[in-house]
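What follows is a set of notes on a single structure, which appears directly below.
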Amino acid sequence: MTLQERDKKHLWHPLTQHKIHPDALPIVKAEGALLYDDQGKEYIDGIASWYTAMYGHCHPYILKKVQEQMQTLDQIVFAGFTHEPAIQLSEELIKILPDNQEKIFFSDNGSTANEVGIKMALQYHFNKGEKRNTIIAFTDGFHGDTFGAMSASGLSVYNGPFEDFFIDVQRIPTPNKANFEEVIQELLEIIAVYDVAAFIYEPLVQGANAMHMFEARYLNEILQICSANDIITIADEVMTGFGKTGKNFASEYIATKPDIISMSKALTAGFVPMAVTSCTQKIYDAFLDDSIGKAFFHAHTYSANPIACSVAIAGIELLQSEEIQNTIERIIQSHKDFDAKIKNHPKIKTTRQKGVIYALDLDIKMDRYGKKRYEIFDHFMQNGVCLRPLGKTIYILPPYVITKEQLDTIYESILALLEIV
Ligand SMILES: *Cc1c(COP(=O)(O)O)cnc(C)c1O
């Protein structure tokens, strides 16, 4: 039996309608920016496997560190025990996170990192003797697939069956020059009517919302209003974290710093799943009490797994290396050059860029999940390029180690698409 036939026997893939979806492609090996399928064909990983493998797949330095860690300490309960990799990682994270972040809480994935952030915010108020039950979120945000994170997400196509069980979320549109006054008005009305515990947002770039981008100064005003009302601000940096926007964290672009930051994806460089929720001293202090009841009762069995921590430490080392910082700059410049070349193309509606994230909207007729999407996807795969268009949006979010030639191949495949679409 082929891998594909065996796959079909017992596997149920995420985000997949198995009745109509084409077969899953078996990948047998990955190295640097390249993926290899079971027929030996190679693909350039233009989205770093959902923004995780930013330092390239199977990076030898990370591999070495993981191997060492695996032979020393594999796993230990993180309630009542501690270990060097978790301690060191907390130190390294605090160095690169916005100045106001002081404490590091571990979980397993981006959704749980947000779940933790939301629970921290709710209990922060609860511990202070105030019941605040409403969360504010952006209309088309995405924060994950667990209940709290899903409630705060805006993509209702998926969420229909669960809506009755959602936590209480009020939504505002992402701000821009035209709607800014209205958004502020809506925000103030929500604050006046509801007991708002927290505001959760993806800073500057909404990944799942087709890489929608918005400006720091408008977001800053929203954050200021939240702070003035003791509304806990939660920056979901699961996608934007670790250099993708051109700074370590997108929150660095915004004057008002969040109370809580969630991160995952590139945190562990594509090697293993792990997530972190960081917070300020103010949040942490609200859980300190002589009564155990005010403690934060949230745990995952694999919290701060030593192997995952060792990966994250090695990843942060790479992120800060001159080599990676230089390649980030190179990618940012290449995207700009490419953009100058194509932004006026008749089949392109708009383009946008933040750091190494580049996106363009096609000016053609199609549905977000229609047939055309698969045709575009197939076009790229046939050209040896792995991109996953979101509706009419084609975006590139390459591993930092992508070579100039590989990046050019991606650009050329987009130009070729414009000829045939
Ligand atoms: C991917 C993502 C999540 C969810 O992370 P998972 O690890 O898939 O649970 C949450 N927020 C943002 C912004 C993301 O990009």
Side-chain angles (χ1 to χ4, degrees), residues 13-16 45-54 105-121 135-156 158-159 162 166-167 169 171 174 198-214 219 233-245 248-251 253-254 258 260-278 298 300 302-303 305 308 311-312 315 354-357 359 388 390 393 395-399:
H13 288 264
L15 304 178
T16 301
D45 189 352
I47 59 162
S49 292
W50 266 345
Y51 344 130
T52 56
M54 295 307 293
F105 191 93
F106 286 96
S107 68
D108 300 338
N109 55 66
S111 307
T112 58
N114 286 324
E115 211 70 35
V116 164
I118 291 168
K119 285 176 74 174
M120 272 181 185
I135 308 286
I136 299 178
F138 281 134
T139 314
D140 294 311
F142 177 72
H143 301 292
D145 286 340
T146 52
F147 268 89
M150 178 172 59
S151 307
S153 301
L155 295 170
S156 56
Y158 305 131
N159 292 341
F162 317 111
F166 278 5
I167 60 171
V169 176
R171 293 172 209 285
T174 49
F199 168 52
I200 184 167
Y201 61 98
E202 293 158 272
L204 307 192
V205 188
Q206 293 181 306
N209 185 23
M211 297 294 157
H212 175 68
M213 298 179 190
F214 55 98
L219 178 56
T233 51
I234 307 170
D236 177 352
E237 295 240 20
V238 172
M239 195 281 287
T240 48
F242 303 97
K244 298 184 196 97
T245 62
N248 288 335
F249 295 93
S251 292
Y253 288 99
I254 306 147
I260 293 175
I261 300 178
S262 48
M263 60 209 99
S264 185
K265 291 200 165 114
L267 169 69
T268 37
F271 272 74
V272 286
M274 187 171 74
V276 157
T277 308
S278 68
H298 185 106
H300 296 284
Y302 275 100
S303 291
N305 170 258
V311 170
K354 190 83 201 164
V356 305
I357 309 168
R388 288 177 60 95
L390 292 161
T393 304
Y395 71 94
I396 316 172
L397 208 172

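In what follows, every heavy atom counts, from backbone to side chain, and hydrogens, waters and symmetry copies are set aside. Counting convention: from 1, in listed order, for ligands and their atoms alike.
Counting non-hydrogen atoms of neighbouring residues, nucleotides and ligands closer than 6.0 angstrom, the CZ atom of Phe166 exceeds 12 such neighbours.
Remark: Lys354 qualifies as a cation-pi partner of Tyr253 under the 6.0 Å distance and 45° angle criteria applied to the six-membered ring.
For atom 5 (O) of ligand 1, the nearest non-hydrogen atom of the protein is Gly110 CA, 3.1 Å.
Below 3.5 Å of separation, one finds an N or O of Asp236 facing an N or O of ligand 1. Residue-to-ligand polar distances keep Val238 apart from ligand 1: every N/O pair is separated by 3.5 Å or more. Ligand 1 has an N or O atom lying under 3.5 Å from an N or O atom of Ser111, backbone or side chain. Residue-to-ligand polar distances place Asn109 within reach of ligand 1: an N/O pair is separated by less than 3.5 Å.
When all heavy atoms of Lys265 and Met239 are compared, the pair lying nearest together is CD-CA, 4.5 Å. Taking all atoms of both residues into account, the shortest heavy-atom contact from Gly144 to Ser111 is CA-OG, 3.3 Å.
For Asn114, every heavy-atom contact with ligand 1 shorter than 4.0 Å involves the side chain, none the backbone. Within the 4.0 Å heavy-atom criterion, the part of His143 lying near ligand 1 is the backbone and not the side chain. By the criterion of a heavy-atom distance under 4.0 Å, both the backbone and the side chain of Phe142 are placed next to ligand 1.
Ligand 1 is approached by Lys265 to a heavy-atom distance shorter than 4.0 Å.
The shortest side-chain heavy-atom distance between Pro398 and Asp45 does not fall under the 4.5 Å cut-off. In this structure, Arg171 and Thr139 have side chains that are in contact, with non-hydrogen atoms separated by less than 4.5 Å.
A donor-acceptor pair is defined here as one N or O able to donate and one able to accept, closer than 3.5 Å; such a pair exists between the side chain of Glu237 and the backbone of Ser251.
Remark: ligand 1 atoms within the under-4.0 Å shell around heavy atoms of Glu202 are 13 (C).
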